[in-house]
Amino acid sequence: MRAQRMALVMVLAAGGSAMAQEAMFTAAATMPSPGTFVLRQQFHVARFGMNADAGIESTTQTEAMTSLAMGLARGWSVRVDLPLAWREDDLVGGGSDADHGVEDLGLTFKWRVFKSDTGGVNTVRVALLGGVAFASGDDHDFSSQSVSPTLGAVVTIVEGRHGFNQEVSLRINPGGDDDHNFGGKGRSDAIFHNSAYLFRIAPAEYASDTVGAWYGVGELLGIYETNGDYELRGSVGVMYEGRVWALEGMVLVPILDAAEHRAELDWGLGVGVRLAF
């Protein structure tokens, strides 16, 4: 039985390493193995407050984010992001304005520079992130009409039932639209600092018949923009990870609002599904 249990842990760790311990909004230092793909589909809806400069009382934005990650070589992966958005603005003078479009596309490379597996699912990993967000071809209400370089790093620690991710990244914005900037995508450059904690609710221990695990997830998401705006958001939710697929659901809430040049978050919801193949 002990041998079966250890074998199962190894299977879950190997098969799930493409997407394991990755929260909805915070990156992880895990990645697909060479030749493996991870398709991730997320749906988000969020409500933002007043943007007086744009004459907007509040905005409701719904986003469908499709991401495809591929393992290139040992310790290397690439991810492509395609975000579609639907937006409704309630105007200060009354009435509303609705629109939809394609936001900036994303291309991100991940390079794992450190890995220390200490047995079972326990691991410490560090990865560097580099990429670009580039114009989709849509109008300025959704796409920046420019190329925005991104650079960052992430640390992932898994110890028994506990997981932790710490991500820091910089986005340089040569373009951007302050009227429809909901955090880090305006005319100012932005620094993101995201922290995620994951606790494996069940099973407490892996057994020979275990096929997946349930996690409770909490995140702190910080956005600092070089115009002085700062916002700290919190996310709580649950996630199920199987051997080749995962489901996730999160609630997003404001914790600290100090943004004067853009609308601030009121609330947000997100659901997602991942498939490794």
Side-chain angles (χ1 to χ4, degrees), residues 22-29 42 44 46-54 56 58-59 61 63 65 79 81 83 85 87 103-110 126-135 140 142-157 164-197 217-237 250-268 270:
E22 185 169 9
M24 179 169 285
F25 302 105
T26 305
Q42 294 182 332
H44 302 275
R47 182 85 167 184
F48 298 90
M50 177 177 289
N51 187 336
D53 292 342
I56 298 173
S58 63
T59 299
Q61 174 148 308
E63 182 184 74
M65 171 67 80
R79 189 187 76 236
D81 298 323
R87 181 184 301 146
E103 298 180 308
D104 283 354
L105 308 180
L107 180 68
T108 303
F109 289 90
K110 185 185 295 185
V126 181
L128 302 181
L129 310 172
V132 292
F134 56 95
H140 201 276
F142 290 91
S143 179
S144 67
Q145 315 299 312
S146 63
V147 175
S148 300
T150 60
L151 181 66
V154 57
V155 177
T156 293
I157 301 172
F164 177 75
N165 297 317
Q166 179 62 56
E167 174 195 4
V168 177
S169 61
L170 167 68
R171 174 174 166 134
I172 300 173
N173 291 314
D177 177 14
D178 286 341
D179 289 348
H180 295 98
N181 171 28
F182 302 113
K185 298 181 180 180
R187 295 188 179 94
S188 301
D189 299 336
I191 297 174
F192 302 86
H193 63 88
N194 300 329
S195 305
Y197 170 71
V217 184
E219 296 178 85
L220 288 176
L221 313 167
I223 308 170
Y224 171 78
E225 296 170 274
T226 54
N227 61 7
D229 283 358
Y230 181 75
E231 191 172 10
L232 183 65
R233 303 170 178 176
S235 171
V236 293
M250 304 290 173
V251 176
L252 192 64
V253 296
I255 295 178
L256 175 64
D257 292 331
E260 298 181 358
H261 302 87
R262 61 172 175 83
E264 301 166 343
L265 174 75
D266 289 337
W267 55 264

Looking at [X] and [Y], would you say the former's side chain and the latter's main chain have a donor-acceptor pair under 3.5 Å?
| X | Y | result |
| --- | --- | --- |
| Asp229 | His261 | yes |
| Lys110 | Ala28 | yes |
| Ser188 | Thr226 | no |
| Thr156 | Ala29 | yes |
| Glu103 | Ala85 | no |

How about [X] and [Y]: do any of their side-chain heavy atoms sit closer than 4.5 Å?
| X | Y | answer |
| --- | --- | --- |
| Leu232 | His193 | yes |
| Asn194 | Glu219 | no |
| Lys185 | Arg171 | yes |
| Ile172 | Leu170 | yes |
| Thr59 | Asn51 | no |
| Leu105 | Pro83 | yes |
| Gln42 | Met24 | yes |
| Leu220 | Ile255 | yes |

Could you walk me through whether His44 and Phe25 pass side chain to side chain contact (heavy atoms under 4.5 Å, CB included), step by step? CA-CA 11 Å; His44 302 275; Phe25 302 105; 3.5 Å; yes
Could you tell me which non-hydrogen atom of [X] sits nearest to which non-hydrogen atom of [Y], and how far apart they are?
| X | Y | value |
| --- | --- | --- |
| Arg47 | Ser58 | NH2-OG, 3.0 Å |
| Val253 | Leu265 | C-CD2, 4.0 Å |
| Ser195 | Phe164 | CB-CE1, 4.4 Å |
| Asp266 | Phe48 | OD2-C, 3.7 Å |
| Pro149 | Val132 | CA-CG1, 4.2 Å |
| Ala190 | Gly184 | CB-CA, 3.6 Å |

Out of the candidates Glu167, Glu231, Arg233, only one should pair with Leu221 under the side chain to side chain contact (heavy atoms under 4.5 Å, CB included) rule; please name it.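 One option only clears the test, and that one is Arg233.
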Can you see whether Phe142 has Arg87 sitting over its ring - NZ or CZ less than 6.0 Å from the centre and within 45° of the normal?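 Cation-pi check for Arg87 and Phe142: passes.
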Knowing that exactly one of Asn227, Asn181, Asp178 qualifies, which makes a side-chain hydrogen bond (donor to acceptor under 3.5 Å, both in side chains) with Arg187?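 Of the listed residues Asn227, Asn181, Asp178, the side-chain hydrogen bond (donor to acceptor under 3.5 Å, both in side chains) partner of Arg187 is Asp178.
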Would you compute the distance between atom [atom1] of [X] and atom [atom2] of [Y] and round it to the nearest 0.5 angstrom?
| X | Y | atom1 | atom2 | answer |
| --- | --- | --- | --- | --- |
| Thr26 | Gln166 | OG1 | CD | 8.0 Å |
| Leu107 | Thr150 | CG | OG1 | 8.5 Å |
| Asp81 | Met65 | CG | CE | 5.0 Å |
| Phe109 | Leu128 | CZ | CG | 14.0 Å |

Step by step, work out the side-chain hydrogen bond (donor to acceptor under 3.5 Å, both in side chains) result for Asn173 and Glu225. CA-CA 10 Å; Asn173 291 314; Glu225 296 170 274; 5.9 Å; no
When the ring planes of Tyr230 and Tyr224 are compared, do they come out parallel, tilted or perpendicular, using 30° and 60° as the limits?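 Tyr230 vs Tyr224 ring planes: tilted.
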Could you tell me if Ser144 and Asp104 have a donor-acceptor pair between their side chains, going purely by distance under 3.5 Å?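 Looking only at side-chain atoms, Ser144 and Asp104 do form a donor-acceptor pair, the distance falling under 3.5 Å.
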